[in-house]
Amino acid sequence: MTNSACGENAVDSDLSAYAFDDDQKAITIKKFDLPSPWINYLSNGNLHAFVSQAAGGFLWWQDAMKGKLTRYRMHNLPIDSPGFYIYIRHKDGTVWSPSFRPVVQPLDGWSATHKPGTTEFYAKKGDFEATLKLFITPDYNALVWNLDIQNNSPADEDVDVFAYVELSQYNFLDEVAYGYYWRHMLKTWFDKESDTLFYLYHYQKPENAEKVPLVFFASTHTVQSYSGDRDAFVGNYRDERDPVAIANGRCGNEEILSGEPCAALHCSVSCKQGEHARISFFLGVQPGVLTDYQLAKIKIQQTIQELRKEEIIAAQHEKLKAWWDNILGKFECAIPDASAQRQINIWSPVNCVQVSRYERGVSTIAAGFREIGFRDTCQDMVAMAYRDADLATAKFLMLLSLQESAGNAMPRCGPRPAKKPDLEINSDHHLWLPFLAYAVIAETGDSSVLDEIVPYAPDGTQGPPKQASVWEHLLAAMRFTADNLGSNGLPLTLKGDWNDIIGKFSEQGRGESVFAAQQYVCALNYLIEIADYAGKKDDAGWLTQLRDEQIENILACAWNGKWWYRCFDDEGTAIGGEESEFGKIWINSQTWAVISGVGSREQHEAAMKAANHYLSTDVGLMKLYPGFKTWPDVTHPFSGYNPGNGENGAIFCHSNTWAIIAETMLGNAEQAWKYYNQLVPHNALQKMGLEKYKSEPYAWASNIVGVENPKHGWSNVVHITGTAAWMDIAATQYLLGIRARLDGLEIDPCIPGWERFSVKRNYRGCLLLIDVVNPSKVSKGVRFVEVDGKRFDGGAIPSTALVANSTVNIKVVMG
Ligand code: GLC
């Protein structure tokens, strides 16, 4: 174990606090008292948990807000508690935990290892060693705790093992608001026949009674004592570090009909000298208890019987691993940059999967309250389309069913009466739909999805909701923007664009957004290409006209002579020029000028250089500079965020992804890789120092506090961020340049003069083994490719040359 690290920049202890093992797809954490919890998500798609290096975390069933099974107190002291706790108690009264927490007694060795879907703790105490492995089984709704104890002492010993979790009233907000009444509507009881502790919270009017879960906790070993009563287990004015039950060496066999519930099991494990012993615990759920209790109980008994078989647990763990190997195996690169390779192959896709499950909602600081965000899911799924096209297609159709018939979409997905465009509507949500449509069709090659009929969101009127084909939905989105242009002919900002706060300049509804305009051009470009591919040529004409008009409008008003303005306010004043005191330059309108292709090469180069000049910090580009003053200095500030935070000048990592893409489009490989590498969490942490950066060196952050704030370098809102998807897109499609197109594959890397690299990539069911050679060490440009020996000039390969085979070898010659 290392001591706390401190200081301006990385010090030795930052490097020794953790180590990656890329072959094992693992990170091992060697310092338990990190500046923040470093978590891993465990899941089978229905039952979910996260767990930190100190075993802090919680378990939930389907929905973290409504199905919270165990407690975790956000913003709590001690931080990162409670969690999934094991106590090992020896006959001499010594107590220790393999996860260090909760006992917090010195250990003789300790580490925590996160792998996709599994977390493993190791601890040594005197002559004993223990490993605790936590994972959720794919086929049973149970969190498995596998505890192995190795006895290296000269004698046999029967050791007491306690497993403990604090239970929750399922509905998080209700519990916070009314838990003091509703704690009389729950019960814990022990079933002797199956040696299982049960927990049920049965608020008097449960929604969806058939879904209400019964929680169970069981072991492979005979239960010696148990407790379902947190306060009895812990004791008066004690806490999980030193519960009275552990001090006594047994629980009081409490069952409760009211109060604060817990599940604690106590078993005796016979540890033979020189041998290791295994005990497992299973914390799981079975829905349907309110509609058929007997059936739910029978199912639980069957589940526990199965889980008590070691070979079933082993097979379940293999199955989980295979699931992850399949997802991560969709894209694997071998490049001469270990940090970037690790992030691209392992942790970035892990993060994309988490985001596809938890969106922006669940982490150590997020209770699960945020509903699905329309634009967020749209973007997340663009990155998931090549790993799981079915998932991306299903979410695409789900989003379309939440689009309003006027073409726009609301930020949070949920029904809302139809209205004329008003300030509740954003200019951008619907504009992301063509990005996802393109990604889905490019990955499947199947444009028939465009003809599927999908309802629009209910509009509050009687009768069934309007419906239309997917293609009509996409066209409606374009019409909405075309019908809502401002006096410069750019999209009205309305409530905001991708930037949640930008609507501040548009409170009267007259402001216009340059970024939304650039995004609109991209969206139209995608649809024009789709129209051509899918034989919808009638629409290609007017879409092209809209696109060309929009380009003209942008060029006429958005260039300030040195870079691009960000928006126009209600009075028509341009925001984002040298004359502005705050927010002189904003990153998104510079990067999206390049991405949308609007403007000249000179303008693009100049704007990206200006962005680099004004916005670069030691770890990334700030969203804008200088940050706006807030209260009490001004009475009507741009944002409540202090300068350097959030939308007001943080290093917004999501925005940095677009700078990476823009630089690759300009062929500036050094700059593009610099922008990528400096934000790779491991690199950023090492640069800023552990005590400043604080968060996981493997998960993308939403933002890092900017230079105008004393906490500069603190990485924030980790895991649950749109950064994950776009970093994956930036790396795989633009830096390494492997892009699915509607009619085939485009290979167009932008690399810092490497001599070669290789990629394995799944494309429409065909495994591509891509070997890129770069004899003249250029940074961009493909001379030709050979597909199983067949030559194509340039980097474009028609899909027909690929999909008939299960594997193809592609040689790419740059130059
Ligand atoms: C957050 C929001 C996202 C928004 C972004 C920029 O990440 O989740 O919807 O686009 O901030 O404001």
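Just follow the structure's listing: the first ligand is 1, and inside any ligand the first atom is 1.
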Of the protein's non-hydrogen atoms, which lies at the shortest distance from atom 1 (C) of ligand 1, and what is that distance?
Asp500 OD2, 3.9 Å

Using a 4.0 Å heavy-atom cut-off, which part of Lys623 comes near ligand 1: side chain, backbone, both, or neither?
side chain

Would you please determine whether Gln379 falls within less than 4.0 Å of ligand 1 on a heavy-atom basis?
no

With ring-ring contact (aromatic ring centres under 6.0 Å, His included) as the criterion, how do Trp586 and Phe638 come out once you've worked through the C-alpha distance, each side chain's angles and the decisive distance to 0.1 Å?
CA-CA 14 Å; Trp586 300 59; Phe638 161 63; 5.5 Å; yes

State, yes or no, whether a side-chain contact exists between Gln603 and Val594 at a heavy-atom distance under 4.5 Å.
no

Would the distance check show the side chain of Thr377 and the main-chain N or O of Gly373 forming a donor-acceptor pair, the cut-off being under 3.5 Å?
yes

Compute whether any side-chain donor of one residue and acceptor of the other, for Gln403 and His429, lie under 3.5 angstrom apart.
no

Closer than 4.0 Å to some heavy atom of Asn499 - which atoms of ligand 1 meet that?
12 (O)

Can you report which non-hydrogen protein atom sits closest to atom 3 (C) of ligand 1, along with the distance?
Asp376 OD1, 3.3 Å

Who's closest to atom 6 (C) of ligand 1 heavy-atom-wise, of Glu647, Arg370, Arg375?
Glu647

Could you walk me through whether His48 and Trp61 pass the ring-ring contact (aromatic ring centres under 6.0 Å, His included) test, one step at a time?
CA-CA 6 Å; His48 313 267; Trp61 168 244; 8.6 Å; no

Protein heavy atom at shortest distance from atom 10 (O) of ligand 1:
Trp498 O, 2.5 Å

As a quick check of understanding, evaluate ring-ring contact (aromatic ring centres under 6.0 Å, His included) for Phe58 and Trp60, giving each step before the final call.
CA-CA 7 Å; Phe58 73 93; Trp60 69 99; 5.0 Å; yes

Ligand 1 contact by His654, heavy-atom criterion under 4.0 angstrom:
no

